[in-house]
Amino acid sequence: MNFNLTEEQELVRAGVREFCQKYVEPLAEKVDEEAYFPMETVKKLTEQEWTGIPYPAEYGGAGADYLTYIIVVEELSRACATTGFTLECHTSLASYPLYKFGTEEQKQKYLVPLCKGEMLGSFALTEPGAGTDAGAASTTAVLDGDEYVLNGSKMFISNSPVAGVFIIIAMTDKSKGTKGLSAFIVPGGTPGLKVGEHLNKMGIRGSVTAEVVMKDCRIPKENLLGNEGQGFKIAMMTLDGGRIGIAAQALGIAQAALDESIQYSKERVQFGKPISSFQAIQWMIANMATDVQAARFLTYHAAWCYDQGLPYSKEAAMAKLFASETAARQTNRAIQIHGGIGFIKGHKVERLYRDAKITEIYEGTSEVMRMVISGNLLR
Amino acid sequence: MLNIIACFKWVVDEADVKIDAKSRALLMERVGYKISDYDRNAIEEAVRLQEQHGGNVVAATVGPSTAKQCLKDALSRGPERADFINDPSFVDLEPEQTAAILATAIKAKEEYDLIICGEGSSDLYAQQVGPALAERLGIPCATCVNKLTLAESKKEIIAERKLDDGMEVVSMPLPALVTVLPDINTPRIPTLKQVLGAAKKPVDNITLNDLGQTYKPCLQTTGILAATMERRRLKFGADEKNILVIIGALLKEGVIA
Ligand SMILES: Cc1cc2nc3c(=O)[nH]c(=O)nc-3n(C[C@H](O)[C@H](O)[C@H](O)COP(=O)(O)OP(=O)(O)OC[C@H]3O[C@@H](n4cnc5c(N)ncnc54)[C@H](O)[C@@H]3O)c2cc1C
């Protein structure tokens, strides 16, 4: 057993920290306050070659391991959850299905520019009437000559207003239930594809989330990803990997809450002493740090399983479940430690508290994570 | 074509040093290490000049054998090769020892036009290694450099020095040595491929045995204690009368005279 990161992973972490100090932290408040999408940061992520970390160099990626990618998402999210999630959605949700199920031609055409950061990707599964019950999707794809015609609407689609390409899950054969779902590659700007308003969110406010509506949206037949009927499997496998990414996002947020709490509690003086000298505060800090460490081990272990080619669905679900609930619980504690000032806009813990919540919801809710874990154990 | 040697020191990350409040001892059990801050500027400047004029950059360091970790860090920042001059005894070396060790190794195996060092290290900031190394190599040296240009003849280097009482521009025939200030450039953050590629770059492992010499210290450290800052927790109002009280307090503490 070995708990050491490689020298490369340590160097990448140090690099991301420096990057965050220089470019991400200074923008984070604006990103939150103005729901501002930090395109300039995305450009810089590209320059650092962080937009295709776990994919091979032949597809424009860096050819590093998944754990390296996870560390990058963690550190970015520690400074700004919007930035961490934007990269996560791009890498795990949009690029992964192309890498895993794309033909060589599809990879060259779409995965290469995604990995090189020439465009961002988006993944559209959820619908107004089909969230957790993804199989209830009503978006349809009908083959008409050499083209598929897509109709329907997708809800809460991250990165959609800025995406160069979408992976869209649609029903090709309603009679087959989840086995009737298929995955499609839809380039941004395809006629009939309309992206709605940037939704006004509680947290990760700079991340652009919108409805995506398809009205007789025609794409060439060769844009089917995998085979007809494989859509549900593609979506579930994609989410399995993505959950490690969301765990990393949650971990970054929780770590930031801990960092802020340690610093503030040493500075804030009440009754003539720093509040860190009170046992009540000490215990909160001890609990926070222990949770964060446990979340980190679960998250890194899930990434390690991925890198080793071991099954990781259960591990990813455990990591996401624990890390997201840690983030939600510990950002709450962080505000408690800060007292009134923590409730005021412009203080980092106030933002962290709002940013944490979404990690318990997207890419599968905590309830779904418990279903996945118990499903693995009880079969 | 320039052959440049960038010297760097692997130091304790001061952010990780904790202090025992009672004894004022430095607690070092959990410290991390990094390339000394200004040495990153030295490496960056070497790489920048190489990109402009062609040539080679070698990153050279003197340290304990356990400092191997520093190599990928340095190499990910652009140099083609590293000289790892190491021995288990190379711990807490004095500037004079470091300079002497570097001089022996450089004389023995390197051809160079320019040597760039950081102005001082993040731990000791003695500002000695650069000038002492230049002295031992018998080459000219400019310290406190915040701008560096290669003369058109390519035989001289022009260095802008930031001094207490103004700027000074000097020109030195190559080979020469400069020590740089952090204003000289902004070190790039290595890209992912640079980090992953660092392991493939050659490292020359140079041991004490290879140097064929010993290097004696001349200083004796009697103790290291943390500096303390005590807050007086005095409160003042903002009116005219209080300004005098503040001045009185500052005088009493010896902050102003
Ligand atoms: C900011 C944001 C970004 C998003 N980005 C994307 C994206 O990029 N792409 C995408 O496809 N989707 C995206 N989503 C959608 C997200 O994945 C869904 O919101 C999530 O899966 C939950 O679906 P729902 O909102 O329809 O909730 P519902 O499914 O309606 O769930 C409501 C509640 O019921 C519970 N529940 C539902 N079914 C069960 C059950 N069988 N047993 C027990 N409890 C159950 C849920 O856990 C939850 O607590 C995003 C959502 C948000 C808010």
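Lettering follows sequence order; numbering is per chain, from 1. What you see below is based on every heavy atom in this structure, not just the backbone, and it leaves out hydrogens, waters and symmetry mates.
Residue B:Asp239 places its CG atom among more than 12 non-hydrogen atoms of other residues, nucleotides or ligands, all under 6.0 Å distant. Within 6.0 Å of atom CD in B:Glu110, more than 12 heavy atoms from other residues, nucleotides or ligands are found, so the atom counts as buried in its surroundings. In B:Ile224, the CD1 atom is not crowded: 12 or fewer heavy atoms of neighbouring residues, nucleotides or ligands sit closer than 6.0 Å. The 12-atom threshold is not exceeded at CD of A:Gln21, counting heavy atoms of other residues, nucleotides or ligands nearer than 6.0 Å. No more than 12 heavy atoms of other residues, nucleotides or ligands lie within 6.0 Å of NZ in B:Lys162, so this atom counts as exposed by the packing criterion. When the shell of 6.0 Å around CG of B:Asp16 is examined, it contains more than 12 heavy atoms from other residues, nucleotides or ligands. Counted within 6.0 Å of OH on A:Tyr59, heavy atoms from surrounding residues, nucleotides or ligands total more than 12; the atom is thus considered enclosed.
Interface remark: A:Glu10 contributes no atoms to any contact with chain B (heavy atom separation under 4.5 Å). With a threshold of 4.5 angstrom between heavy atoms, A:Thr6 does not approach chain B through any atom at all. Contact annotation for A:Val72: neither backbone nor side-chain heavy atoms come within less than 4.5 Å of a heavy atom of chain B.
To the nearest 0.5 Å, atom CD of residue A:Glu7 and atom CG of residue B:Leu71 are 8.0 Å apart. Note that the CD1 atom of B:Ile189 and the NZ atom of A:Lys22 stand 4.5 Å from one another [nearest 0.5 Å]. The distance from atom CD of B:Gln69 to atom CG of A:Leu11, rounded to the nearest 0.5 Å, is 8.0 Å.
In terms of heavy atoms, A:Glu49 sits closest to B:Gln194 at OE1-N, 4.3 Å.
B:Leu192 is not listed as a side-chain neighbour of A:Gln48, based on a closest heavy-atom distance of 4.5 Å or more.
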Is there a salt bridge (charged side-chain N to carboxylate O under 4.0 Å, His left out) between B:Arg188 and A:Glu18? Walk through the geometry before answering.
CA-CA 10 Å; B:Arg188 279 164 281 191; A:Glu18 191 183 339; over 6 Å; no
